[in-house]
Amino acid sequence: MSPKAKTVYRCTNCGADHPKWAGRCDACGEWNTLVEEMATRATTSASGRRISGQKSMAEGGSVAPTVRLRDVKSSQGRRLKTGIKEFDFVLGGGIVPGSMVLVGGEPGIGKSTLLLQVAGKLEELGHSTLYVSGEESALQVKLRAERLHGSAENVSLLNETLLETILATAGSERLDAIVVDSIQTVFTSDLEGAPGNVGQVRECAARLMRFAKETETTVFAVGHVTKGGGIAGPKTLEHIVDTVLYFEGEGMLEHRILRATKNRFGSVDEIGVFRMTEEGLIAVENPSELFLGDRLNNSSGSAVTALLEGSRPVLIEIQGLATKTGYGTAQRVSTGYDGRRLALLLAVLDKRAGLSFSQFDVFLNVVGGVRMQEPAGDLAVASALASSIYDRPVANSAIFLGEVGLGGEIRPVSQAERRLGEAAKMGMTVAYMSERGIPKRGSRGLEVVGVRTINDLFRHLFQT
Ligand SMILES: Nc1ncnc2c1ncn2[C@@H]1O[C@H](COP(=O)(O)OP(=O)(O)OP(=O)(O)O)[C@@H](O)[C@H]1O
Ligand SMILES: [Mg+2]
Ligand SMILES: [Zn+2]
């Protein structure tokens, strides 16, 4: 073992060094700002020479070679596919060798399951993968692998939390990927702090990142999420790594959504939808089907719209129910849609289309636990409510796209072409949308009906 490296406690506010930890920085007076780090933040240059990160300018800095960009070996385009399409998609088309990917998510959401499945797939495709578990015993990981029907049984497992051992082990064989589950359990013996503290997490992440770059190994690190929704530990963690993925669930549902919030190698707009099952995570290739699966045929008070999740359109059903108010004031209950927006739409329906809801309790539900934030869904909400009050269903295969203005006018939506494309793919046959927003290019067998106002629309729908 190398002699213990010297560490200092640096103030994150003013940068002053302290030999010992203290609650308060005596240079600037801030509380709880001291974070342990290595005394000399030495970095290794690409040529393997050590250059000092701090005093290189004036005192004894050495000259490092430069390289023309055209001579830089490019691994661009070389991406490993995991075969889990949704996962590759979110990463921007597969795993980039030498990148570091942080996977965050709430406790129990399925981070370990996802990465064990990814490791299993990589191994299956001949890419050697090491799974480092600092959180669970080998037996626990094996039990999970059994749930996955043995698809991960060729993955090598290392039960270790000491970073030095992890890096030495990983460096002793040619690996394509390692999974570190989780970054909060790993620690370096160079720092005194306990695993999970800011200094430890930051230093371990930085060294794993360096390992990834130097060995062209992809490092996946699991990160726990705090109550605030960020990944526990320093915010700088997200700056250090190349890609940050969040794995999220929607309430009680079995759906899991994987989304990139940072990606040096791709767009951050894409999402992947999975279902958590007894056999592990199953990619949902057609999220809309999942969301629309249980739709009743021809019942009144239901209308479909296409919302954008990132750049990906997802079909969503809106249900409206208007029932005669018994006593007192009429109720307005809205799930997944802003209550004030609902009140506004009801007023517009009253004033511009002569549909009065004053004697009705109104219930509105965006199906699937989705929170609708885009105004593009207004038209579907208005149609569902009108359908309920007329007690006349709208066609099951109709989709509604549009923002409704105070004058009852219907406004175009962004990325209409994408939404129409998804609707057509899902078997929708007719789309109602703002006349002005109809894309020039046709939409694959979908009939597009342009409407100017909600009155226009209701005339089409209910022959009013
Ligand atoms: N037999 C099963 N059938 C269906 N789902 C299961 C089954 N066993 C476990 N799960 C699901 O897997 C989840 C746990 O997955 P996993 O351990 O991968 O999550 P994690 O995000 O790594 O959690 P942690 O934060 O504890 O590390 C459970 O919350 C549960 O939803
Ligand atoms: Mg886990
Ligand atoms: Zn200070």
Side-chain angles (χ1 to χ4, degrees), residues 8-37 84 86-87 101-121 131-152 155 157-161 178-186 195-196 198-199 201 220-227 229-234 244-259 272-284 369:
V8 295
Y9 290 85
R10 183 158 295 145
C11 173
T12 52
N13 184 49
C14 70
D17 290 351
H18 304 256
K20 286 205 316 274
W21 189 82
R24 182 165 187 248
C25 169
D26 47 24
C28 72
E30 281 295 312
W31 287 91
N32 294 322
T33 54
L34 299 197
V35 171
E36 188 185 20
E37 56 179 53
I84 303 175
E86 310 285 309
F87 187 80
V101 181
L102 185 65
V103 180
E106 287 179 9
I109 202 73
K111 302 176 293 295
S112 303
T113 309
L114 178 70
L115 290 175
L116 188 61
Q117 281 182 240
V118 166
K121 278 287 188 180
Y131 195 102
V132 182
S133 180
E135 225 145 70
E136 295 170 304
S137 68
L139 182 63
Q140 280 175 299
V141 180
K142 184 181 168 67
L143 287 176
R144 180 174 297 116
E146 274 171 2
R147 233 179 86 207
L148 307 176
H149 291 308
S151 60
V155 175
L157 182 74
L158 174 66
N159 237 180
E160 183 58 67
T161 52
I178 68 173
V179 175
V180 178
D181 189 357
S182 65
I183 190 74
Q184 277 92 3
T185 56
V186 175
V198 175
V201 169
F220 292 99
V222 171
H224 291 297
V225 158
T226 58
K227 286 218 176 61
I231 289 174
V244 179
L245 305 181
Y246 274 91
F247 205 35
E248 313 167 330
E250 286 284 355
M252 299 298 290
L253 299 176
E254 55 176 14
H255 313 163
R256 301 284 187 272
I257 297 178
L258 185 69
R259 80 175 81 234
V273 182
F274 296 85
R275 251 175 343 115
M276 177 59 91
T277 71
E278 226 179 302
E279 280 95 54
L281 292 158
I282 296 179
V284 176

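Just follow the structure's listing: the first ligand is 1, and inside any ligand the first atom is 1. Residue numbers count from 1 along this sequence.
Nearest protein neighbour of atom 27 (O) of ligand 1, counting heavy atoms only, is E135 OE1, 3.7 Å. If you check which protein heavy atom lies closest to atom 22 (O) of ligand 1, you get S112 OG, 2.7 Å. With respect to atom 10 (N) of ligand 1, the closest heavy atom belonging to the protein is R147 NH2, 3.4 Å. In this structure, atom 16 (P) of ligand 1 lies nearest to the protein heavy atom T113 OG1, 3.4 Å. Closest protein heavy atom to atom 3 (N) of ligand 1: E278 CA, 3.2 Å. When only non-hydrogen protein atoms are considered, atom 29 (O) of ligand 1 lies nearest to G108 O, 2.7 Å. Considering only non-hydrogen protein atoms, atom 17 (O) of ligand 1 sits nearest to R144 NH2, 2.8 Å.
Taking all atoms of both residues into account, the shortest heavy-atom contact from N13 to C28 is ND2-SG, 3.1 Å. Of all heavy-atom pairs between R275 and V284, the closest is N-CG2, 3.9 Å. Taking each heavy atom of S182 and H224 in turn, the nearest pair found is OG-NE2, 3.6 Å. Across all non-hydrogen atoms, the minimal contact from E106 to K111 is O-NZ, 2.9 Å. Closest of all the heavy-atom pairs between L157 and S133 is CD1-CB, 4.2 Å. Taking both residues in full, the closest heavy atoms of L281 and Q117 are given as N-OE1, 2.7 Å, listed atom of the first, atom of the second, then distance.
Between the R24 side chain and the G29 main chain, a donor and an acceptor come within less than 3.5 Å of each other. Distance alone, capped at 3.5 Å, is enough to place a donor-acceptor pair between the T12 side chain and the T33 backbone.
The Zn ion (ligand 3) is the vertex of the angle joining SG of C25 and SG of C28, which measures 110° to the nearest 10°. Rounded to 10°, the angle formed at the Zn ion (ligand 3) by SG of C11 and SG of C14 is 110°.
In this structure, H224 has a heavy atom closer than 4.0 Å to ligand 1. Remark: distances from the non-hydrogen atoms of G110 to ligand 1 include one below 4.0 Å.
E248 has its side chain out of reach of I109: every pair of non-hydrogen atoms, C-beta onward, lies at least 4.5 Å apart.
The aromatic rings of F247 and F274 lie perpendicular to each other, with more than 60° between the two planes, well past the 30° mark.
At a 4.0 Å heavy-atom cut-off, ligand 1 touches T277 through the backbone alone. Residue contacts with ligand 1 for M276 involve side-chain atoms from C-beta outward but no N, CA, C or O (heavy atoms, distance under 4.0 Å). Only the side chain of R256 comes within 4.0 Å of ligand 1, judged by heavy-atom distances.
Side chain to side chain, E135 and T185 fail the donor-acceptor criterion of an N or O pair below 3.5 Å.
When distances from atom 6 (C) of ligand 1 to the protein are checked, a heavy atom turns up under 4.0 Å.
Here's the thing with L114: none of its N/O atoms is less than 3.5 angstrom from an N/O atom of ligand 1.
Residue S112: an N/O/S atom is found under 2.8 Å from the Mg ion (ligand 2).
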